[in-house]
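What follows is a short report on a single structure.
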Amino acid sequence: MHLKLGSLTAVVVSSPGIAKILLQKHDQVFSSRSYPGAVHALDHHKHSMVWLPVNNQWRKLRKICKERMFSVPSLDSSQDSRKQRLQKLCEYVYSCCIDGKAVDIGRAAFTTSLNLMSASLFSEEFVSFDSGSSEEFKEVVWGIMESIGRPNLADYFPVFRVFDPQGILRKSTVYFGRCFDIFEEIIRKRLETRGRILSVDGTRKCDMLEALLDINQNNESELSILDIKHLLLDLFVAGADTTSSTVEWAMTELLRHPSKMLKVKNELREVIGKDEQVRESDISRLPYLRAVVKETFRLHPAAPLLVPHKAEEDSEIEGYIIPRNARILINAWAIGRDSSTWPDPELFTPERFLENETDFKGQHFELIPFGAGRRICPGMPLANRMVHMMVASLVHNFDWELEGGLKPEQVDLDESFGLTLQKTTPLKAVPIRLR
Ligand SMILES: CC(C)C1=CCC2=C(CC[C@H]3C(C)(C)CCC[C@]23C)C1
């Protein structure tokens, strides 16, 4: 589809075949980014792995993510601190259970996602479920999502850019600045303790910040402290709301289909054991849980149009002319509901993934919630663990009743699209203690 958005030309791709051509076969021409004006805040576009074109700086950041932060050994080493944060989620849900209070699944998952990210990055807790302590960080990330998510007139009519008519650039600059202040404090404290620990060879933390500071301390030109702050900003914005909205959609679909909820519960009870907790290494032994997550990614991709690509030069694809500088939107949402690819696309049927090996890791273009090709989401390995572990913990440790005696078929699937695909009415469910 070709859209004229003000002075911007957009091309929307809604079929797996064309997505494969743009993201894999001809990915050189299409692997740059077309980005919203807000990304200029604090010159983020000059440092951000998400928004940089494919150049040496971009390759360097991707290499650090792949080898030092999201590799299996690196993720395994921060597994225990994530486990503690999941324990906190279960304690919070348990407290609601005792009070007979409903849980806002999306909000609880957002807090947990932030804590799982900060556990992996800094091995420390960031936000708590009740308001108050470091609520500020939650508010900052929320604010960034909100300000970037809103359509910006200046993006479609560049002549307005200098006026910043909706104040989006100004707000983003304030939010980014507050984020950087928080990161600066964490980095300063860590550099101090690192100095002491290295001298008395105490137990160093094994989190991603250690890996980043190792690189920075060895070769400042390789990765500056400023680069680290921009990278942390990308990771939190990319990893928090996307993970929590996916968990909320998964729980929504399971509450709409009690028989599927029961199948996940039974699989967890058989494989893990009634009184045991799920571990990240168990995920590969839980095929039905994995099928539920894949079906959630198919119907409710957190970034329905992925991250906008840009055509570097005029090109012809399957007879269509894509003009230079066109904004390319890959419609992962439509691809996941394409009736010529998926039988009964509207039905939530995880069973469809039990017969075949279709996966979401970028090989199968009919399921690309993380994108594909060289710009595929670098955080996918961590996202994969967080989503499976949050759904498994909520389902394995509690039974759930819909608030206000709502019937499963009454749970609505309305979507509101900000930056990520939000559920319009937050999912509220009452936890019933199993044991
Ligand atoms: C402006 C910066 C902080 C920023 C980084 C990453 C992102 C931003 C907005 C859109 C957002 C999603 C597409 C929802 C998921 C991946 C990360 C990304 C692309 C905003």
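Each residue takes its place number in the sequence, starting with 1. We count ligands from 1, going down the list as the structure has it; atoms in each ligand are counted the same way. Computed from heavy atoms alone, side chains included, the values below leave out hydrogens, waters and symmetry copies.
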Please could you name the atoms of ligand 1 that H44 approaches to less than 4.0 Å, counting only its heavy atoms?
1 (C), 2 (C), 3 (C)
Cut-off 3.5 Å, no hydrogens considered: what does the side-chain donor-acceptor table look like for residues 19-30, sequence neighbours left out?
from, atom 1, to, atom 2, distance (Å)
K20, NZ, Q24, OE1, 3.3
D27, OD2, R374, NE, 2.9

For the residue pair D359 and K294, establish whether any side-chain heavy-atom pair is separated by less than 4.5 Å.
yes
Should we count CD of E357 as having more than 12 external heavy atoms under 6.0 Å?
no
Is atom 5 (C) of ligand 1 near the protein, in the sense that some protein heavy atom lies at less than 4.0 Å from it?
yes
Going by the atom numbers of ligand 1, which of them fall below 4.0 Å from some non-hydrogen atom of D234?
2 (C), 5 (C)
Atom 12 (C) of ligand 1: closest protein heavy atom, distance to 0.1 Å, is A303 CB, 4.5 Å
What atoms of ligand 1 come closer than 4.0 angstrom to any heavy atom of I148?
1 (C)
Assess F176 for proximity to ligand 1: is some non-hydrogen atom of it under 4.0 Å away?
yes
Identify the closest protein heavy atom to atom 9 (C) of ligand 1: which residue and atom is it, and at what distance?
L419 CD2, 3.3 Å
With a 3.5 Å cut-off and no angle check, do the side chains of R170 and T173 form a donor-acceptor pair?
no
Within a distance of under 4.0 Å, is there any protein heavy atom near atom 2 (C) of ligand 1?
yes
Enumerate the side-chain hydrogen bond (donor to acceptor under 3.5 Å, both in side chains) contacts for residues 380-394, please, sequence neighbours excluded, ordered by first and then second residue.
D76-R385, E280-R385, N384-H388
Would you kindly say whether Q422 and T420 are connected by a side-chain donor-acceptor distance under 3.5 Å?
yes
Residue V50 vicinity, atoms of ligand 1 by number, heavy atom under 4.0 Å
6 (C), 19 (C)
Output the distance between atom CG (L255) and atom CE (M261), rounded to the nearest 0.5 Å.
4.0 Å
For V307, the atoms of ligand 1 under 4.0 Å from one of its heavy atoms are 13 (C), 19 (C)
Strictly below 4.0 Å, N to O, side chains only: are D80 and R85 in salt-bridge contact?
no
Provide the number and element of each atom of ligand 1 under 4.0 Å from a heavy atom of A238.
16 (C), 17 (C)
